[in-house]
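One structure below.
Proteins get letters first, then strands, A, B, ... in listed order; numbering begins at 1 in each. Given the structure is predicted, the values throughout are model-derived calculations rather than measurements.
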2 protein chains.
Amino acid sequence: MNAEHMAKLFKILGDDKRLRILLCIGKNRCSVSEIIGNTSFSQTLVSFHLRILREACILKAERQGAFIYYQLVDAELLDLVSKFNEFVSKMPLEIREEEYSCPCPPTGNNILTGRYGKFSNLVLKK
Amino acid sequence: MNAEHMAKLFKILGDDKRLRILLCIGKNRCSVSEIIGNTSFSQTLVSFHLRILREACILKAERQGAFIYYQLVDAELLDLVSKFNEFVSKMPLEIREEEYSCPCPPTGNNILTGRYGKFSNLVLKK
DNA sequence: TATTTATATAAATATATACTCATATTATAA
DNA sequence: TTATAATATGAGTATATATTTATATAAATA
């Protein structure tokens with residue numbers, strides 16, 4: 001596996017607004033106006049993120065009159081994202097919270113003391 | 001789909017060094033020393049990233065004597081990452097390059113002029 | 001052809017993230 | 001018990017990324 005290449009893709013997906021733009025487009029073909037309307041992000045912000053997605057070859061653009069339509073280069077990406085969504089929804093809550101911090105170590109304990117992990121109730125193994 | 005939650009996970013995976021640490025651990029159980037040895041990252045850097053992965057509930061830690069062993073909380077993540085790897089390896093080269101910039105628009109042209117996209121050879125559609 | 005609509009872009013700013021440095025903790029060995 | 005090995009952590013710094021601001025381009029319309 002190539003960590004560098006993957007990290008680039010993950011980094012691009014690792015922004016909630018960019019993801020919302022991607023999910024908004026889905027497997028369809030959307031004009032920038034539609035995206036702005038659906039997300040309520042500013043025009044410049046949408047264009048900024050669309051450029052990033054386009055330059056990463058995740059989206060392709062096509063002008064039609066005054067409008068520019070965007071769609072996925074490879075729609076399989078959506079299926080992968082969907083699988084990640086299932087995975088995330090099964091994860092411990094912490095990563096889904098504002099200040100996610102899995103209690104590993106949990107409050108009052110320390111990783112160095114041997115007891116941590118919300119679900120494992122680990123104890124020091126000698 | 002929850003863009004915010006997914007973005008958090010993608011963001012954590014969107015760092016090549018963190019990914020290399022994850023791939024190094026794989027479905028095994030690795031001491032920090034092993035990770036340092038395999039990656040040749042500094043001890044502090046490895047600990048820094050391990051903390052991030054641990055606090056996101058991606059990794060769990062277990063002390064055994066002086067050593068602390070790390071392993072995936074849910075090994076299915078590796079399968080997902082592997083699928084992403086396949087996807088990335090099929091992508092146009094640009095995202096895999098140092099300065100990835102899909103020629104959309106390509107050099108000399110402009111997205112506004114209607115011709116861009118390495119593989120689509122798009123022309124203006126009226 | 002002047003104006004408006006749709007969109008892009010460069011540059012400035014704000015914010016978040018990665019990395020390093022110095023130091024602390026725990027366990028083990030001498 | 002002291003020293004050493006394994007690891008963690010807080011804080012500072014460097015770097016990258018997101019967002020906004022101001023402006024530009026292209027097409028459509030008046």
Side-chain angles (χ1 to χ4, degrees), chain A residues 3-4 7-8 10-21 30-37 39-56 59 61-70 98-101 104-105 109-116 124-126, chain B residues 3-4 7-8 10-21 30-37 39-56 59 61-70 98-101 104-105 109-116 124-126:
Chain A
E4 261 189 83
K8 278 178 183 167
F10 282 131
K11 190 162 285 183
I12 287 177
L13 299 176
D15 181 278
D16 55 332
K17 301 209 171 139
R18 254 190 319 261
L19 264 184
R20 276 191 55 198
I21 290 172
C30 280
S31 71
V32 180
S33 301
E34 291 176 285
I35 298 168
I36 294 169
T39 59
S40 72
F41 301 153
S42 75
Q43 181 265 313
T44 8
L45 188 59
V46 169
S47 270
F48 173 81
H49 285 303
L50 285 175
R51 165 137 79 148
I52 290 173
L53 292 164
R54 176 167 32 95
E55 291 187 341
L59 289 181
E62 197 181 349
R63 177 185 284 280
Q64 216 161 339
F67 293 79
I68 295 183
Y69 288 87
Y70 281 86
E98 193 55 46
E99 279 302 317
Y100 59 99
S101 175
C104 334
N109 285 310
N110 192 293
I111 196 176
L112 299 172
T113 67
R115 285 206 66 227
Y116 42 82
L124 188 59
K125 195 191 267 183
K126 279 289 182 183
Chain B
E4 261 188 81
K8 278 178 184 168
F10 283 134
K11 190 163 284 183
I12 286 177
L13 298 176
D15 181 277
D16 55 334
K17 302 207 173 142
R18 261 199 302 271
L19 265 184
R20 276 191 54 197
I21 290 172
C30 279
S31 71
V32 180
S33 301
E34 291 176 286
I35 298 167
I36 295 169
T39 59
S40 72
F41 301 153
S42 74
Q43 180 266 313
T44 6
L45 187 59
V46 169
S47 271
F48 173 81
H49 285 302
L50 285 175
R51 165 139 76 149
I52 290 172
L53 292 164
R54 176 165 34 91
E55 290 186 343
L59 290 181
E62 198 181 347
R63 177 184 284 280
Q64 217 162 334
F67 292 80
I68 295 184
Y69 288 87
Y70 281 85
E98 192 56 45
E99 278 303 315
Y100 59 98
S101 174
C104 332
N109 284 310
N110 191 294
I111 196 175
L112 299 172
T113 67
R115 286 205 65 228
Y116 43 81
L124 188 59
K125 195 191 266 182
K126 279 289 182 186

Exercise. Please state how far atom CD in A/Glu55 lies from atom P in D/dT17, giving the value in whole angstrom units.
Key: 13 Å
Quiz prompt | Interatomic distance where CG belongs to A/Asp16 and C1' belongs to D/dA18 [whole Å] | solution = 10 Å
Self-check item: Distance in angstrom units between B/Arg63 CZ and D/dA6 P, rounded
Solution: 12 Å
Quiz prompt | Along DNA chain D (nearest heavy atom to each residue), the more 5'-positioned of A/Lys17 and B/Ala66 | solution = B/Ala66
Exercise. Confirm from the modelled atom types if B/Gln43 and D/dA6 form a donor-acceptor pair under 3.5 Å, side chain to base only.
Key: no
Quiz item: Tell me, do B/Phe41 and B/Arg20 make a side-chain contact under 4.5 Å, heavy atoms counted?
Solution: yes
Quiz item: Within this structure, what is the CG-to-C1' distance between A/Leu45 and D/dT20, rounded to whole angstrom?
Solution: 9 Å
Practice problem: Taking side chain to side chain contact (heavy atoms under 4.5 Å, CB included) as the test, write out the residues that go with A/Ser31, two or more places apart. | Solution: A/Ser33, A/Glu34, A/Phe67, A/Tyr69
Self-check item: Rounded distance (Å) that lies between atom P of C/dT7 and atom CZ of A/Arg54
Solution: 12 Å
Quiz prompt | Under 4.0 angstrom between A/Tyr70 side-chain N/O and C/dA8 OP1 or OP2 | solution = yes
Quiz item: Relative to the 5' end of DNA chain C, which residue comes earlier, B/His49 or A/Arg51, by the nucleotide with the nearest heavy atom?
Solution: A/Arg51
Quiz item: Taking NZ from A/Lys11 and P from D/dA16, how many angstroms apart are they, rounded to a whole number?
Solution: 9 Å
Quiz item: Do A/Thr39 and A/Lys17 have side-chain heavy atoms sitting under 4.5 Å apart?
Solution: no
Quiz item: Quick one: which of A/Ile21, A/Val46, A/Leu53, A/Leu50 gives a side chain to side chain contact (heavy atoms under 4.5 Å, CB included) with A/Tyr70?
Solution: A/Leu50
Self-check item: Partner nucleotide, any strand, of D/dA5 [Watson-Crick/G-U, under 3.5 Å]
Solution: C/dT26
Practice problem: Examine distances only and state if a side-chain atom of B/Arg63 and a backbone atom of B/Gly65 form a donor-acceptor pair shorter than 3.5 Å. | Solution: yes
Practice problem: Starting at atom CG of A/Leu59, determine the distance to atom C1' of C/dT7, rounded to an integer number of angstrom. | Solution: 15 Å
Quiz prompt | Shortest side-chain distance from A/Ile52, nucleotide among D/dA18, D/dT7, C/dC21 | solution = D/dA18
Self-check item: Minimum-distance nucleotide to B/Arg18 side chain [options: D/dT19, D/dG10, C/dA18]
Solution: C/dA18
Quiz item: Please give, in whole Å, the distance from D/dA8 P to B/Ile68 CD1?
Solution: 4 Å
